[in-house]
Amino acid sequence: MTAASVLLDAQVQTKRMYSLLNEVMDLSRQLAEALDRNDQVTVQMVISMREEPIKRLRAAQSALEEQRNSLDPEAGERLGALLNGAPAEEPGEEALASQVATNRRLLTQVLELDRVLNKKVTREKSIYQ
């Protein structure tokens, strides 16, 4: 597997993750609206709907880990660094590094919204306490 194909495969997975993060964010916003309306039926429905994209995010993350582990140690270490937010060192790494940074920003927003929603739903039993 060439370095370019490794980067392309990783970029495909990170773009898939971005799409899934957007889906989770959209569902989280719907959950927030349902909570504000005190619409328990919609709350339960949206919570269960969020499970699928979250499972697919985990699968995409696992696929990236498997890809990294299948590479020779040096290439695997470099891919791991890029996936953990390291800046691009080669021109071919720029797209992946940029997508990882975009995903991290969106993930931060999703987690912050999730923290707020979790506290609304569970009150004093929040996992964020």
Side-chain angles (χ1 to χ4, degrees):
M1 192 176 251
T2 68
S5 66
V6 167
L7 292 171
L8 183 60
D9 288 350
Q11 188 178 357
V12 166
Q13 284 294 347
T14 56
K15 282 186 177 188
R16 182 173 295 129
M17 291 173 76
Y18 178 77
S19 175
L20 292 166
L21 284 166
N22 271 318
E23 188 176 344
V24 172
M25 179 60 99
D26 180 55
L27 290 167
S28 297
R29 288 180 179 139
Q30 290 178 40
L31 179 58
E33 291 169 6
L35 285 168
D36 289 345
R37 293 189 314 268
N38 200 25
D39 180 350
Q40 294 303 311
V41 172
T42 303
V43 166
Q44 291 302 315
M45 184 177 70
V46 173
I47 287 173
S48 69
M49 288 171 62
R50 278 186 2 148
E51 289 177 31
E52 184 58 32
I54 290 171
K55 285 180 187 176
R56 293 189 349 234
L57 271 167
R58 287 185 186 125
Q61 184 65 40
S62 292
L64 284 171
E65 288 173 18
E66 287 176 26
Q67 179 185 7
R68 186 193 70 220
N69 293 337
S70 72
L71 299 172
D72 66 73
E74 185 179 322
E77 187 175 309
R78 182 64 194 143
L79 179 59
L82 286 166
L83 295 173
N84 284 317
E89 293 176 356
E90 304 286 329
E93 296 176 347
E94 291 170 356
L96 178 58
S98 175
Q99 187 64 56
V100 168
T102 299
N103 287 7
R104 283 184 162 221
R105 286 188 297 273
L106 182 54
L107 178 60
T108 299
Q109 294 171 359
V110 168
L111 291 174
E112 180 58 28
L113 181 53
D114 187 68
R115 186 184 63 74
V116 171
L117 294 173
N118 186 274
K119 286 184 177 182
K120 280 185 178 183
V121 171
T122 62
R123 295 186 178 50
E124 69 280 345
K125 296 178 185 174
S126 173
I127 62 172
Y128 293 99
Q129 294 292 339

Verify, without hydrogens or angle tests, whether [X] (side chain) and [Y] (backbone) share a donor-acceptor contact under 3.5 angstrom.
| X | Y | result |
| --- | --- | --- |
| Q13 | A10 | no |
| R104 | N84 | yes |
| E93 | L7 | no |
| N103 | K15 | no |
| S98 | E94 | no |

Open item on the list: Tell me the closest heavy-atom pair linking A86 and A97, and the distance in Å.
Closed with: O-CB, 4.0 Å
TODO: Quick one: closest heavy-atom pair of L82 and P87, and the distance?
DONE: CD2-O, 4.0 Å
Report the distance from atom [atom1] of [X] to atom [atom2] of [Y], rounding to the nearest 0.5 Å.
| X | Y | atom1 | atom2 | value |
| --- | --- | --- | --- | --- |
| N22 | M17 | CG | CE | 12.5 Å |
| T42 | I47 | OG1 | CD1 | 11.0 Å |
| R58 | S62 | CZ | OG | 9.5 Å |
| L64 | R16 | CG | CZ | 9.5 Å |
| T102 | R105 | OG1 | CZ | 4.0 Å |
| L21 | L106 | CG | CG | 5.0 Å |

Open item on the list: Counting only heavy atoms not in E74 (residues, nucleotides, ligands), do more than 12 fall under 6.0 Å from its CD?
Closed with: no
Open item on the list: Is it the case that over 12 heavy atoms from other parts of the model lie below 6.0 angstrom from the CD atom of E65?
Closed with: yes
Check whether any side-chain heavy atom of [X] sits under 4.5 Å from a side-chain heavy atom of [Y], and report yes or no.
| X | Y | result |
| --- | --- | --- |
| V24 | I54 | yes |
| V6 | L8 | no |
| L57 | Q61 | no |
| L27 | Q30 | yes |
| L113 | L31 | no |
| V110 | R115 | no |

Task: Qualifying residues under salt bridge (Lys or Arg N to Asp or Glu O under 4.0 Å), relative to R56, sequence neighbours excluded - done: E23
Open item on the list: Tell me every residue that passes salt bridge (Lys or Arg N to Asp or Glu O under 4.0 Å) with K120, counting only those two or more places apart in sequence or in another chain.
Closed with: D36
- [ ] Tell me yes or no: between the side chains of Q40 and N38, is some donor less than 3.5 Å from an acceptor?
- [x]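 Q40 vs N38: donor-acceptor pair found between side chains.
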Task: Check against salt bridge (Lys or Arg N to Asp or Glu O under 4.0 Å), R50 and D114 - done: CA-CA 11 Å; R50 278 186 2 148; D114 187 68; 2.8 Å; yes
Open item on the list: Under a 4.0 Å threshold between the charged nitrogen and the carboxylate oxygen, would D72 count as salt-bridged to R78?
Closed with: no
TODO: Using a strict 4.0 Å threshold on nitrogen-to-oxygen distance, state whether K55 and E52 make a salt bridge.
DONE: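 Looking at E52 together with K55, the answer is no, because their closest N to O distance does not fall below 4.0 Å.
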Task: Verify same cluster id: V12, V100 (apolar side-chain graph, 4.5 Å) - done: no
